[in-house]
Number of protein chains: 2
Amino acid sequence: MMNLSIAEENYIKSIYKLEEEGQEAVTTNALANELDTKPASVTDMAKKLKEKQLISYEKYQGINLTSEGKKAALSIIRRHRLWECFLVDKLSFSWEEVHELAEELEHVRSEKLINRLSDFLGNPQIDPHGDPIPDALGKMGKPRVQTPLHKAKAKRLEVVAVSDKSTALLEFLNAKGIRLGTQLDVIERYEFDNSIELKIRNQPAFTISEQVSKNIMVKPI
Amino acid sequence: MMNLSIAEENYIKSIYKLEEEGQEAVTTNALANELDTKPASVTDMAKKLKEKQLISYEKYQGINLTSEGKKAALSIIRRHRLWECFLVDKLSFSWEEVHELAEELEHVRSEKLINRLSDFLGNPQIDPHGDPIPDALGKMGKPRVQTPLHKAKAKRLEVVAVSDKSTALLEFLNAKGIRLGTQLDVIERYEFDNSIELKIRNQPAFTISEQVSKNIMVKPI
DNA sequence: ACTTTTATTTAGATTTACCTAAACTTTATT
DNA sequence: AATAAAGTTTAGGTAAATCTAAATAAAAGT
Ligand SMILES: [Mn+2]
Ligand SMILES: [Mn+2]
Ligand SMILES: [Mn+2]
Ligand SMILES: [Mn+2]
């Protein structure tokens, strides 16, 4: 596997993410938006990554990772999520603080370092946001059947992941007492704005917007 | 303190190192050599760092860090050495493996991260090569009176640091059983090539070159 | 089918961090 | 003091990663 620049790694990771979110072919605009850059820059980089055989790309046809590209993406994601575990488990950061830091730490490329880190952490399977961690060979468990709260049918649910890692959302969840493993009772669903009234065991009920519930992944208990 | 690029940080750190080694003003050539780059590139960067007020520099007169520059250098060195401690103490790397990795990790700039890391490690005072670690305020203990083995007078000595961090030297020292804290008996000094015959407690005596002894810092016991 | 809107690409610049080759200073040697 | 050698800077260029503005293609509306 060849050496990628930090910029190239960030592109690969974002392409992986958008593909995972369902995009058949990742569009120039979607990538520009995800990476907070301009479409023209994406087109430039697309040519370069195609040259390196990490993506398939034809003018106006969007982008897809090749199997080489997927391998690279999984390796970067593994680093990212292990560093997040380290920060939370060992340095007592909270889940809304670690994404930005891991965004930088993930670019230190050393197999040996990352495998030792994994051992040191007890080879964790999920990161602080509930996302699965690829193993040293790039295997990432099952695709994880993620039901977002706004589509869940059961009344009693457990939080298994959050899909948006922004500080804004995570701080909101902190304030409401929602974290990984939290058990929720759905009291009411309001059709008007798709808001949901929730209750956590000994606490008073509260309401969250659809925007929020879309980003909370749950499983029935 | 402004934001420095990785390249700028590496320059600042190298200037600090060369100043520490005694250079009144750091020369263009010395820096180019230290950073494995070309003198013309050093001149370019010198202009930029002067602009940012991190160094004082006049054409043909060499380079010196300003107090701002020193502050920046100490912060980078703190990060470098704490990561080295982490790698050795927590991930069981050996001392010859950690310099290159720390060379990358040091560029993740977060006060909070580095202070938590320091706490996590028990606020160590010296790194795996015997070098002192600046505290959060940039204080670095005493300048440490480092006697290189080739100049030491006493017969019984303890290894307190190594000044060259190359894998080559450190692996050589590993092979000879020399590490931090090792106690050495000087058996003989050969005037011809300044080689030194040494003995470590239960082991057979062996001889090291001046090249090596220059890089082993000792104190009498 | 034609037109408007949206998405994407190209053309041409910019910034950072390098480089080589040539010019210029400083220092050392006759 | 004059010349040679060594060190340093300038001039001009390259590659990566970005940008804006203009051109072109695809999609959506009528
Ligand atoms: Mn990143
Ligand atoms: Mn995460
Ligand atoms: Mn470095
Ligand atoms: Mn060190």
Side-chain angles (χ1 to χ4, degrees), chain A residues 2-15 18-19 21-65 69 72 76 103-104 106-107 109, chain B residues 2-15 18-19 21-65 69 72-73 76 103-104 106-109:
Chain A
M2 98 212 54
N3 262 7
L4 303 181
S5 69
I6 292 177
E8 288 168 335
E9 287 197 336
N10 286 333
Y11 271 87
I12 293 291
K13 193 152 63 83
S14 291
I15 296 165
L18 294 177
E19 275 189 357
E21 283 174 6
Q23 308 253 345
E24 251 319 295
V26 175
T27 68
T28 306
N29 265 1
L31 240 189
N33 184 57
E34 176 71 26
L35 284 161
D36 205 16
T37 180
K38 294 293 182 298
S41 309
V42 172
T43 302
D44 284 352
M45 183 60 93
K47 289 174 185 164
K48 196 146 49 106
L49 294 176
K50 184 191 178 170
E51 194 56 43
K52 294 197 174 189
Q53 313 204 29
L54 294 162
I55 61 172
S56 60
Y57 164 68
E58 296 301 332
K59 265 197 199 182
Y60 296 104
Q61 302 310 131
I63 292 169
N64 285 104
L65 291 176
I76 304 162
E103 204 55 50
E104 306 199 33
E106 71 187 356
H107 301 294
R109 263 144 300 188
Chain B
M2 99 211 54
N3 262 8
L4 303 181
S5 69
I6 291 177
E8 288 167 336
E9 287 197 337
N10 286 333
Y11 270 87
I12 292 291
K13 193 153 62 85
S14 290
I15 296 165
L18 294 175
E19 274 189 358
E21 283 172 7
Q23 308 253 345
E24 251 318 296
V26 175
T27 67
T28 306
N29 265 0
L31 241 190
N33 184 57
E34 175 71 27
L35 284 161
D36 205 17
T37 182
K38 295 292 181 297
S41 308
V42 173
T43 302
D44 283 353
M45 184 61 92
K47 290 174 185 163
K48 196 147 47 109
L49 294 176
K50 184 191 178 171
E51 194 56 43
K52 294 197 175 190
Q53 313 204 29
L54 294 163
I55 62 171
S56 60
Y57 164 68
E58 297 300 331
K59 269 195 201 186
Y60 297 104
Q61 303 309 133
I63 292 170
N64 285 103
L65 290 177
I76 304 162
E103 204 55 50
E104 307 198 33
E106 71 188 356
H107 301 294
V108 176
R109 264 144 299 192

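Chain identifiers are assigned alphabetically (A, B, ...) following the order of the sequence lines, protein sequences preceding nucleic acid strands; residue numbering begins at 1 within each chain.
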Side-chain N or O of B:T43 closer than 4.0 Å to phosphate OP1/OP2 of D:dT10: no
Euclidean distance, atom CD1 of residue B:I6 to atom P of C:dC18 [Å, nearest integer]: 11 Å
Nearest heavy-atom neighbours spanning B:V26 and B:E19: CG2-CG, 3.7 Å
Under 4.0 angstrom between A:T28 side-chain N/O and C:dT9 OP1 or OP2: yes
Atom pair distance, as rounded to whole Å: CG in A:N33 and P in C:dT8: 12 Å
Name of the residue among A:L65, A:I63, A:L54 meeting side chain to side chain contact (heavy atoms under 4.5 Å, CB included) with A:L49: A:L54
Nearest-angstrom distance from the residue atom CG of A:D44 to C1' of D:dA16: 10 Å
OP1 or OP2 of C:dT10 under 4.0 Å from side-chain N/O of A:K59: yes
Minimum-distance nucleotide to B:S41 side chain [options: C:dC18, C:dT9, D:dT9]: C:dC18
Whole angstrom value for the distance that separates C1' of C:dT8 from CE of A:M45: 17 Å
Options C:dC18, C:dT8, D:dA21, nucleotide nearest the side-chain atoms of B:A7: C:dC18
A:K13/A:E103 under side-chain contact (heavy atoms from CB on, under 4.5 Å): CA gap, chis, key distance, verdict: CA-CA 10 Å; A:K13 193 152 63 83; A:E103 204 55 50; 3.0 Å; yes
Least distance between heavy atoms, A:I55 atom then A:K50 atom: CG1-N, 3.6 Å
Rounded interatomic separation in angstrom, taking CG from A:N3 and P from D:dA16: 14 Å
Closest-nucleotide ordering on DNA chain D, the 5'-leading residue of A:Y60 and A:K38: A:K38
Separation of D:dT9 C1' from B:L31 CG (nearest whole Å): 15 Å
Atom pair distance, as rounded to whole Å: CD in B:E8 and P in C:dC18: 10 Å
Evaluation steps, side-chain contact (heavy atoms from CB on, under 4.5 Å), between A:R109 and A:I6: CA-CA 10 Å; A:R109 263 144 300 188; A:I6 292 177; 4.2 Å; yes
Rounded distance in Å - NZ (B:K47) to P (D:dT8): 14 Å
Below 4.0 Å: OP1/OP2 of C:dT8 and any side-chain N or O of A:N29: yes
Residue-phosphate contact under 4.0 Å: B:T37 side-chain N/O, C:dC19 OP1/OP2: yes
